[in-house]
*Asks:* 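I'd like to ask you about the structure that follows.
Proteins get letters first, then strands, A, B, ... in listed order; numbering begins at 1 in each. Just so it is clear, the values below take in all heavy atoms, side chains as well, and ignore hydrogens, waters and symmetry mates.
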Number of protein chains: 2
Amino acid sequence: MQGKDVVLGLLNQRDMSGYEIKDVFETQLKFFFDGTFGMIYPILRKLEKEGLIQKKHVVQDLKPNKNVYSITDLGKKEFKTYLNSKTVEETFKSDFLMRMYFGQELDRDKMISFIKQEIERKKTNLSELTDNYERWTNNGMNSFQEITFMYGIAYYKSEIKVLNEALEKLDGQD
Amino acid sequence: MQGKDVVLGLLNQRDMSGYEIKDVFETQLKFFFDGTFGMIYPILRKLEKEGLIQKKHVVQDLKPNKNVYSITDLGKKEFKTYLNSKTVEETFKSDFLMRMYFGQELDRDKMISFIKQEIERKKTNLSELTDNYERWTNNGMNSFQEITFMYGIAYYKSEIKVLNEALEKLDGQD
DNA sequence: GCTGCCATGTAAGATGTTACATGATTGT
DNA sequence: ACAATCATGTAACATCTTACATGGCAGC
């Protein structure tokens with residue numbers, strides 16, 4: 001599962017420009033995948049070269065022109081192959097937990113401020129995710145896609161709770 | 001936060017060989033960072049070249065010889081710099097959620113089997129994490145390090161619950 | 001003889017990040 | 001003027017993954 005597969009999957013749903021793809025990444029896939037322009041455009045070029053997608057130049061009146069990509073039959077086949085491949089294990093990398101792990105090096109107040117910062121960060125993430133969920137619900141979403149949101153919301157809520165409990169426990173040790 | 005910082009952090013705690021570092025990655029950091037030999041050994045070589053760590057060849061009797069690394073003053077300084085740098089946002093990548101998102105392509109049974117597989121996967125991960133937590137508790141662990149485990153355990157438990165609920169809901173739709 | 005654990009490494013390639021670079025249009 | 005949004009891209013670099021390659025020692 002790489003950027004390539006995700007882009008192909010999106011174009012398998014409907015035609016899009018690189019800019020639009022970035023937008024879907026931000027509003028719908030952000031919790032479990034992130035893509036940047038520096039990644040999306042090179043992927044589009046590569047997929048086109050391989051004949052998996054096709055470019056159409058679209059002239060616009062009120063906005064700058066754009067390149068809209070559509071998936072080819074070859075691309076559809078390739079995406080199906082991905083969908084039927086073995087699911088790879090998720091990856092998670094946390095700088096915050098790293099600091100918790102190596103915390104003995106720092107003083108207690110610094111550590112507590114790290115935790116408070118992380119709680120705030122997660123609260124922000126949660127409200128963004130909730131907003132995107134609500135916005136998308138109105139545009140049609142199937143029960144499986146809904147799971148991706150439930151999953152993310154449960155994650156943030158449960159970690160906010162854990163971190164608050166940790167703070168309380170640390171307070172009790174004074 | 002990269003492999004380099006983690007390796008430096010571990011050697012900041014005590015001297016270790018590449019093989020031992022891998023073991024700590026597996027048993028203590030696995031939830032929020034993963035390292036492979038193909039990553040660890042090149043990092044050790046690089047850090048040594050930069051003068052941040054030092055190699056000692058240790059001849060062993062009952063086991064193959066090994067290279068034990070220790071951190072230098074320069075390395076300690078470098079690690080402190082990392083600890084005081086701004087925490088970067090966590091990253092999460094999930095192939096499972098990807099399939100949930102693009103699920104309309106597949107038939108319902110296949111999707112349900114993906115969910116069941118993922119629940120099993122998470123149950124296994126949870127029990128491994130719990131085992132490592134218990135094993136480590138007996139070897140001394142501070143309250144901040146404990147947070148890294150609480151965080152992971154909460155994650156797995158809450159996602160297992162979400163996925164089970166999703167399954168029930170899907171059953172109700174028959 | 002085989003398996004499992006201990007132990008170290010390389011080389012090639014894929015992948016992704018960061019920073020830079022450009023420019024139109026719309027609204028304030 | 002200026003900021004925001006729309007729109008596309010490159011080049012250099014850092015990083016990591018995968019696969020390969022080797023070999024000692026212990027116990028069955």
*Asks:* When you match B/F37 and B/I43 each to their closest nucleotide on DNA chain D, which lands nearer the 5' end?
*Replies:* B/I43

*Asks:* If you fit an axis to the five pairs at each end of the helix from C/dG1-D/dC28 to C/dT28-D/dA1, how big is the angle between those two axes, to 10 degrees?
*Replies:* 30°

*Asks:* Check for me whether the distance between the ring centres of A/F33 and A/F25 falls short of 6.0 Å.
*Replies:* yes

*Asks:* Quick one: B/M39 CE to C/dA12 C1', roughly how many Å, whole number?
*Replies:* 18 Å

*Asks:* Could you state the CG-C1' distance from B/L47 to D/dT15, rounded to the nearest angstrom?
*Replies:* 14 Å

*Asks:* Identify every side-chain donor-acceptor pair in residues 115-131 of chain A under 3.5 Å, counting partners at least two apart or on other chains, and give the distances.
*Replies:*
residue: A/E118; atom: OE2; partner: A/K122; partner atom: NZ; Å: 2.6
residue: A/R121; atom: NH2; partner: B/T87; partner atom: O; Å: 3.1
residue: A/K122; atom: NZ; partner: B/E90; partner atom: OE1; Å: 3.1
residue: A/K122; atom: NZ; partner: B/E90; partner atom: OE2; Å: 3.4
residue: A/K122; atom: NZ; partner: B/Y151; partner atom: OH; Å: 3.2
residue: A/T124; atom: OG1; partner: A/E120; partner atom: O; Å: 3.0
residue: A/N125; atom: ND2; partner: B/E89; partner atom: OE2; Å: 3.4
residue: A/S127; atom: OG; partner: A/T124; partner atom: O; Å: 3.3
residue: A/E128; atom: OE1; partner: A/K30; partner atom: NZ; Å: 3.4
residue: A/T130; atom: OG1; partner: A/L126; partner atom: O; Å: 2.6

*Asks:* For A/F102 together with B/F79, are the ring centres under 6.0 Å from each other?
*Replies:* yes

*Asks:* Categorize A/G38 for me: base, sugar-phosphate, or nothing, with a 4.0 angstrom heavy-atom threshold over every strand shown.
*Replies:* base

*Asks:* Can you tell me the distance, in whole Å, between the CG atom of A/D23 and the C1' atom of D/dT8?
*Replies:* 16 Å

*Asks:* Please tell me if B/R45 has a side-chain N or O lying less than 4.0 Å from either OP1 or OP2 of C/dT10.
*Replies:* yes

*Asks:* Check whether the ring centres of B/Y155 and A/Y155 lie less than 6.0 Å apart, and answer yes or no.
*Replies:* yes

*Asks:* What's the CG-P distance between A/D34 and C/dG16, to the nearest Å?
*Replies:* 10 Å

*Asks:* If you draw the axis of the six-membered ring of B/F37, does the NZ or CZ of B/K22 fall within 45° of it and under 6.0 Å from the ring centre?
*Replies:* yes

*Asks:* Whole Å only: how far is the NZ atom of B/K46 from the C1' atom of C/dT8?
*Replies:* 20 Å

*Asks:* What's the CD-P distance between B/E26 and C/dC5, to the nearest Å?
*Replies:* 13 Å

*Asks:* Knowing that exactly one of A/N12, A/D15, A/L11, A/L74 qualifies, which makes a side-chain contact (heavy atoms from CB on, under 4.5 Å) with A/I53?
*Replies:* A/L11

*Asks:* Give me the residues of residues 48-67 of chain B where at least one heavy atom lies under 4.0 Å from an atom of DNA chain C, by number, or none.
*Replies:* B/Q60, B/K63, B/P64, B/N65, B/K66, B/N67

*Asks:* To the nearest angstrom, how far is B/Q2 atom CD from C/dT18 atom P?
*Replies:* 9 Å

*Asks:* Salt-bridged, B/K93 to A/D34, with N to O below 4.0 Å?
*Replies:* no

*Asks:* Closer than 4.0 angstrom, basic N to acidic O: yes or no for B/K4 and B/E50?
*Replies:* no

*Asks:* Which of the following nucleotides, C/dT18, C/dT15, D/dT17, is nearest to the side chain of A/T36?
*Replies:* C/dT18

*Asks:* So among A/W136, A/F144, A/F31, which one has a ring-ring contact (aromatic ring centres under 6.0 Å, His included) with B/Y101?
*Replies:* A/W136

*Asks:* With respect to the side chain of B/Y19, which nucleotide from C/dC5, D/dT10, D/dA7 is positioned closest?
*Replies:* C/dC5

*Asks:* Could you pick out which residue, A/K4 or B/Y69, lies toward the 5' side of DNA chain C when each is mapped onto its nearest nucleotide?
*Replies:* B/Y69

*Asks:* Expressed in angstrom and rounded to an integer, what is the separation of A/M1 atom CE from C/dA14 atom C1'?
*Replies:* 16 Å

